[in-house]
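Reviewing the structure listed below.
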Amino acid sequence: MTRITAPELSPSPPDSPPPARRSPAPASATPPSRRRHSPSPSLALTPSSASTSATSSRPRTRPSPKRKYSPAQWVPVSSHPAFAQRGGQGGGGGAAWDAAASRLFVWDPSARGVHRISVRIRDAEADKDGEEVAVEAAVPSEMLMPEMDLGYEVTHITLNTDGSALLLAGSHNINVLYVHERVSEDGDTIICRTAPVASHVLPRNNDGIKVMQTSWHPFSSSHFGVLTSDAVFRLFDLSNDLVQPEQEFYLQPILPGRCQNASSICPVAFSYGSDHLWDRFSVFILFSDGSIFVLCPVVPFGSDYSKRYIEELYEDVNTFGLKSLNPNVVTNSHLAIAWLEATFPELLRQSADGSTLMLRARPYAPVDDSLTLQGPLCRVCEENNELEGKGSSCDGKAVGFVYSSVGKDSVLVTAWGSGQLQIDALADEIQPQWSIGVPTCLNFNSNGHIKSVAMKCDSNPQDSLALRSHRTSSTGSNVKSNTEAVWMGHTPPLLRLSIVDLALPKTPNSSSLSLFLDPLVPERFYCAHGGGLDMVTLHFLPFSYPEMASTPPSVHPVLTTGNSDTTSPFLSGFVTIADAYGHVQLVGITHTAECFVVEMKGWKEPTPLQLDIHSKSIKDVESVTTGMISKELIAGPDPPILPSSSGLRSLTPDSIEGKSTLHHYIKVFHEHYVEYGHKVFIELKEHGDYVKTEIEDKQKRLQAVKQSLLSIETKDQELNKRIDRASKVYDLLEKRIESFKMLPAANKKPLSQAELEFKSQLDRFADVELDALRSSIAALSARMRRFAHMSPGGAAGTGMAPWQAPKAGRSHVTESQMSLMKSSLERLSLINEENNLKLRLIETELKNKEQ
């Protein structure tokens, strides 16, 4: 392993505080085109380097005295006191990584605070001492404490892009810890300002609505999204208000009255899009039954984007969207143009100044239209071009989800509780869609500007029917058809790449799986579960690597725990660190508060270690071949070439010719036989020591064999006794088997195919549907209690903002919503009672059959 040697770091920092972090300057260059269908170039955006700096009404903290920094000592991360002092008493809460400042944040549940650890990565091969430690941590580290008692167990922490705020998420609550706003400090313990998030929606009594996932927006350091169990996606602005969300989307995946199973309305996870056309303005949402929906466009107010990228999208909509023959596509194109012009008003200003590289998103939402919840994304079989249903071949329920942009492809990975990974790719482009005639609720500030937005997002049931005419075989085959197919007016289908089975032990409950992306190789991701940690690498991508169509993904186990119980997660915290040597460092924290570091090669596949225990070692081969006699001596001397005997008979020994011939033969005999005998003598003389050693060795082995034979003879009687005892046990087992055959249950027939299918449906109902029903009932109950306690004069008493709506219809809307929720609760209760009765009947029938 050869790496570039980094300059040696000083063993201790200076006695002055570290310099302040500087935000990176936005890059002026843009990556090349990544369009899948259109021949025109598509410019990608550069990530935003800074978020909005809106003026906050937070009180200024009192300046604390300057700290004196003591010299730090560098130790391996696994030996840091933050992990060693806990002594395996239990971890939990997660970890976060700040790449700009090279700091690791770890939640300590016993201290109820966050360890902020400075980390450095050195080249282990450059040192002469032969140590293998590459990731080191500074001692002492800082402890960031929230200014108030959170009152709940922190299960996940996440850091924003500039490292200034930390989300402390639990199962029902969320708080924001401001890293740089210090209330007080005592040595290495710093008390930071902390504020709750959505206190009117997420009560402190841990009852009702659950937090399914929370994540910072990748293109804004002040915006983060929250997905809750009541099927609502909320986008909060850290610099504006943490009580009322900036944008609120009420998800309606199935029309009322058409719900067949409760798992289809229970959200599980979400993921933001990345650098690919409209994917940057998209949010992908996964539901419990594995269906995937898309919200587009969703943009944080005040976030920055590349001007060239926005101009390319604007030109794209005007060129292809308005020329479509589908009236719905033309309507959505007009709405997309209006959205781009209102969100980025600089598009209408044809300024000659080319120095403006970034555009800031302005608050905007159409009044009379709401976003469409696009989906569920159907899957297309590439061979026969037939659509699969939203139900997949994977078992159990969906538990994890991640989006990755790889080259020209957008890859979606879904983790299932049965231990399977479902890998799909978008077969077409994401396009913005609106529901015409569904009004949007807007909240304005005192200056008349939009402060917050709320809308109900319904799915389009006719969208999947429109996909029947879509054929993926034409993708990439005809340039003209691809150009016209940029705006088709329907949700893009999914192309099934592979289903990876991790071969986890089968458990009654769903296994816990978590997905993490690789920071250097976009084709690679990691899956953490109760059995360990696996690395999955994609080789075939339909638009980036079409020539690798027959190559399946490769799965390499990184760590194996050997734990048969995979329902509980193995890791409580996991971060991926991209070092300066082109490698990836995996830092994981187990639930027993143990830390480990694994170094992964950045661009090479790990070679599996293969050991042959039956092959001889190099030393054994050399010891055998060293003392052997050469093959030339064993083969004997080469026979001389003799003339024909007819000429020799005519010669006499006394003649001159006879003496000459005799002298010649004596010389030949001496060359071929005497010299060979001399060589053999020397070889045997030198070979004597070796033969003596071999004979002694053989005698020793012979003595050992004799001793073994004697010991076997002495144990022969004992072996015979054990064989007799085993025969008696075998006879006893045969008698017990014969007695078991007489029992009533012995004549039980195996289940038929229909009974097996019915049993699988029952297992799915017990595993997925009951949990989804309980979650839906709890979310509806919490929402009904919140509406029931609403004051008659408006929503001011509950912390909700007054939405812009006609006063005459406000009470009517509230009553209709309450009646709809009551009817839904009654329907759910009836369904639950009927299902319980069916389960009891089935259990009694099964017991009767067993008897």
Side-chain angles (χ1 to χ4, degrees), residues 23 25-28 30 42-56 160-162 215-225 233-241 244-249 272-283 294-318 332 335-349 351 355-367 369-371 430-434 440 442-445 447-455 457:
S23 301
S28 58
T30 56
S42 301
L43 303 177
L45 285 174
T46 55
S48 174
S49 60
S51 63
T52 58
S53 57
T55 304
S56 176
N160 61 350
T161 54
D162 62 0
S215 177
W216 291 95
H217 201 281
F219 305 118
S220 176
S221 60
S222 62
H223 288 80
F224 60 92
F233 176 74
R234 299 175 175 87
L235 195 64
F236 290 88
D237 185 6
L238 186 67
S239 61
N240 187 13
D241 190 3
Q244 181 65 35
E246 177 186 271
Q247 302 178 47
E248 202 167 8
F249 303 93
Y272 301 106
S274 186
D275 300 333
H276 185 80
L277 297 179
W278 287 96
D279 290 11
R280 181 178 291 249
F281 303 127
S282 302
V283 179
V294 185
L295 285 176
C296 180
V298 176
V299 57
F301 297 160
S303 55
D304 296 331
Y305 295 90
S306 172
K307 181 180 179 181
R308 295 180 62 186
Y309 178 85
I310 302 300
E311 289 177 349
E312 195 273 338
L313 280 182
Y314 185 67
E315 181 182 357
D316 182 55
V317 179
N318 283 279
N332 280 313
L335 290 174
I337 292 173
W339 184 84
L340 286 172
E341 292 176 350
T343 306
F344 306 100
E346 292 82 2
L347 291 173
L348 300 176
R349 306 170 190 168
S351 60
S355 59
T356 303
L357 300 178
M358 306 297 293
L359 299 180
R360 176 157 296 182
R362 303 296 192 273
Y364 172 74
V367 179
D369 308 312
S370 298
L371 290 182
I430 294 290
Q431 303 163 8
Q433 293 185 18
W434 283 268
T440 300
L442 303 176
N443 181 24
F444 296 88
N445 57 13
N447 297 326
H449 300 292
I450 295 178
K451 182 180 179 182
S452 56
V453 177
M455 61 182 69
C457 302

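In what follows, residues are counted from 1 in the order of the sequence shown.
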Nearest atoms (heavy-atom pairs only) where [X] meets [Y]:
| X | Y | answer |
| --- | --- | --- |
| Arg362 | Pro345 | CG-CD, 3.6 Å |
| Pro300 | Ala361 | O-CB, 3.8 Å |
| Trp278 | Ile430 | CB-O, 3.3 Å |

Discussion item. Exactly one of Phe219, Trp339, Tyr272 should register a ring-ring contact (aromatic ring centres under 6.0 Å, His included) with Phe281. Which one does?
Written reply: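 With Phe281 as partner, Phe219, Trp339, Tyr272 yield a single ring-ring contact (aromatic ring centres under 6.0 Å, His included), made by Trp339.
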Practice prompt. To the nearest 0.5 angstrom, please state how far the CD atom of Glu246 sits from the NE2 atom of His223.
Written response: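 The NE2 atom of His223 is 3.5 Å from CD of Glu246, to the nearest 0.5 Å.
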Worksheet item: In Å, rounded to the nearest 0.5 Å, how long is the span from NE2 of His217 to OG of Ser222?
Response: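 Here the interatomic distance stands at 10.5 Å.
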Where the side chain of [X] meets the backbone of [Y], is there a donor-acceptor pair that is under 3.5 Å apart?
| X | Y | value |
| --- | --- | --- |
| Tyr305 | Arg280 | no |
| Asn447 | His449 | no |
| Thr440 | Pro366 | yes |

Discussion item. Please evaluate residues Asn332 and Gln431 with respect to the criterion side chain to side chain contact (heavy atoms under 4.5 Å, CB included), reporting the C-alpha separation (whole Å), side-chain torsions for both, the decisive distance (0.1 Å), and the verdict.
Written reply: CA-CA 9 Å; Asn332 280 313; Gln431 303 163 8; over 6 Å; no
Worksheet item: So Glu341 and Tyr314, side chain to side chain contact (heavy atoms under 4.5 Å, CB included) or not? Walk me through it.
Response: CA-CA 9 Å; Glu341 292 176 350; Tyr314 185 67; 2.5 Å; yes
Worksheet item: Hey, mind stepping through Phe301 and Val453 against side chain to side chain contact (heavy atoms under 4.5 Å, CB included) and telling me if it holds?
Response: CA-CA 11 Å; Phe301 297 160; Val453 177; 4.0 Å; yes
Fill in: Full working for side chain to side chain contact (heavy atoms under 4.5 Å, CB included) between Leu295 and Phe249
CA-CA 9 Å; Leu295 285 176; Phe249 303 93; 4.0 Å; yes
